[in-house]
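Okay, so here's the structure we're looking at.
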Amino acid sequence: MLILLNKPFNVLCQFTGEPGQRTLAECLPVPGVYAAGRLDADSEGLLVLTDDGLLQKRIADPRHKLPKTYLAQVEGIPDEAALARLRAGVDLGDFVTRPCAARRVDEPAWLWPRNPPIRERKAIPTSWIELVLREGKNRQVRRMTAKVGFPTLRLIRVRVGDWTLDGLAPGEWREVAGPLPPAPGAGPRPTPKRPTPGPGATFTRRRQGR
């Protein structure tokens, strides 16, 4: 089983928590699935879950280099020099980030409002950066943008490999079929033929979390 979930803001990336904490259980009433990679509580967007432990490790393992695409709303307007520093790799003290893709983008037209809204300063504008990473260490995107002078105010993951947020509102989920990353040491995978739809071949589910 493979599930895509649009994790809302301020929801822990786990199914249990302390009293008063919001968890994945409020969005996803499917037992026995676990997140393949994590998002901080204050980050939003695409979370991939599965009930297959081996598959979970394959998706999360940085050796497979699945690209992960993030949209970061930052304080200020990064110039090309700041973007070049992000692309080249940023020394965060405990590690240096790998080279990545980084560019300024417009605020997405499909973006949902965050509750609560981000803090705003009238004298300081905000802007959006798209970053594509092939690693995912603790609070990495936030640390990267802060290091180059543009703190992240809002962070949304929109893609993991070929899986995207398309069509999912916050708290909604769907079950999908592959494609899956190769096992460690495996050669190139042949391009699969598109299956013929039929009863039980593939299906999706949705649930709106509140």
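Just so we're clear, the structure is a prediction, and the values are computed from it rather than from any experiment.
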Does I77 share a hydrophobic cluster with L83, counting links as ILVMFWY side-chain heavy atoms below 4.5 Å and allowing steps through other members?
no
Evaluate the side chain to side chain contact (heavy atoms under 4.5 Å, CB included) criterion for residues L133 and C100: first the C-alpha distance (whole Å), next the side-chain angles of each, then the deciding distance (0.1 Å), finally the verdict.
CA-CA 5 Å; L133 309 183; C100 70; 3.5 Å; yes
Would you say the side-chain atoms of R87 pair up with the backbone N or O of A102, donor to acceptor, closer than 3.5 Å?
yes
Do you reckon L86 sits in the same ILVMFWY cluster as L92, going by side-chain contacts under 4.5 Å, direct or chained?
yes
Quick one: are R154 and L111 in side-chain contact, heavy atoms under 4.5 Å?
yes
What is the minimum heavy-atom distance between R139 and D42, and which atoms define it?
NH2-OD2, 3.0 Å
On a heavy-atom basis, the closest approach of G167 and E172 is O-OE1, 3.5 Å
With side chains defined as the heavy atoms from C-beta onward, is the minimum distance between W110 and D166 less than 4.5 Å?
no
Pairwise side-chain contact, R142 with L155, heavy-atom cut-off 4.5 Å (strictly under)
yes
Check whether any side-chain heavy atom of R159 sits under 4.5 Å from a side-chain heavy atom of K68, and report yes or no.
no
Which heavy-atom pair separates R134 from P67 by the least distance, and what is that distance?
NH1-CD, 3.5 Å
Is there a donor-acceptor contact under 3.5 Å linking the side chains of D52 and T50?
no
Would you say that L2 contacts E175 through its side chain, given a criterion of any heavy-atom pair below 4.5 Å between the two side chains?
no
For residues 115-128, which side-chain N or O atoms pair as donor and acceptor with protein atoms under 3.5 Å away, sequence neighbours left out?
unit_1: R119; atom_1: NH1; unit_2: E75; atom_2: OE2; d: 3.0
unit_1: T126; atom_1: OG1; unit_2: Q73; atom_2: NE2; d: 3.2
unit_1: S127; atom_1: OG; unit_2: G76; atom_2: O; d: 2.6

Counting only N and O atoms by type, is there a donor-acceptor contact under 3.5 Å from the side chain of R157 to the main-chain atoms of L46?
yes
Identify the two heavy atoms, one from V141 and one from T152, that lie closest to each other, and give their separation to 0.1 Å.
O-OG1, 4.2 Å
Evaluate the side-chain proximity of V160 to L4: yes if any heavy-atom separation is below 4.5 Å, no if none is.
no
Mind listing the closest non-hydrogen atom pair of A82 and F150 along with its distance?
CB-CE1, 3.6 Å
Is there a side-chain contact between V30 and I3 (heavy atoms, below 4.5 Å)?
yes
Do any N or O atoms from the side chain of Q56 and from the backbone of A35 form a donor-acceptor pair under 3.5 angstrom?
yes
Please output the side-chain donor-acceptor pairs of residues 5-15 that fall under 3.5 Å, not counting sequence neighbours, one pair per line with the distance.
unit_1: N6; atom_1: ND2; unit_2: L168; atom_2: O; d: 2.9
unit_1: K7; atom_1: NZ; unit_2: V11; atom_2: O; d: 2.8
unit_1: K7; atom_1: NZ; unit_2: D40; atom_2: O; d: 3.2
unit_1: K7; atom_1: NZ; unit_2: A41; atom_2: O; d: 3.3
unit_1: K7; atom_1: NZ; unit_2: S43; atom_2: O; d: 2.8
unit_1: Q14; atom_1: NE2; unit_2: T16; atom_2: O; d: 2.6

Nearest 0.5 Å, what's the NZ-CZ distance between K137 and R143?
9.5 Å
Gap separating the CZ atom of R22 from the CD atom of E26, nearest 0.5 angstrom:
4.0 Å
CG of L39 to CD of E44: how many Å apart, nearest 0.5 Å?
9.5 Å
Please check if V176 and L66 belong to a single hydrophobic cluster, counting links between Ile, Leu, Val, Met, Phe, Trp and Tyr side chain heavy atoms closer than 4.5 Å.
yes
L54 reachable from M1 in the ILVMFWY side-chain graph, under 4.5 Å edges:
no
Provide the closest heavy-atom pair for L71 versus P108 in the form atom of the first, atom of the second, distance.
CD1-CG, 3.5 Å
Report, as yes or no, whether the 6.0 Å neighbourhood of atom CG on D91 holds more than 12 heavy atoms from other residues, nucleotides or ligands.
yes
Are W163 and V158 co-members of a hydrophobic cluster defined by side-chain heavy atoms under 4.5 Å apart?
yes
Does some side-chain heavy atom of R103 sit less than 4.5 Å from a side-chain heavy atom of I129?
no
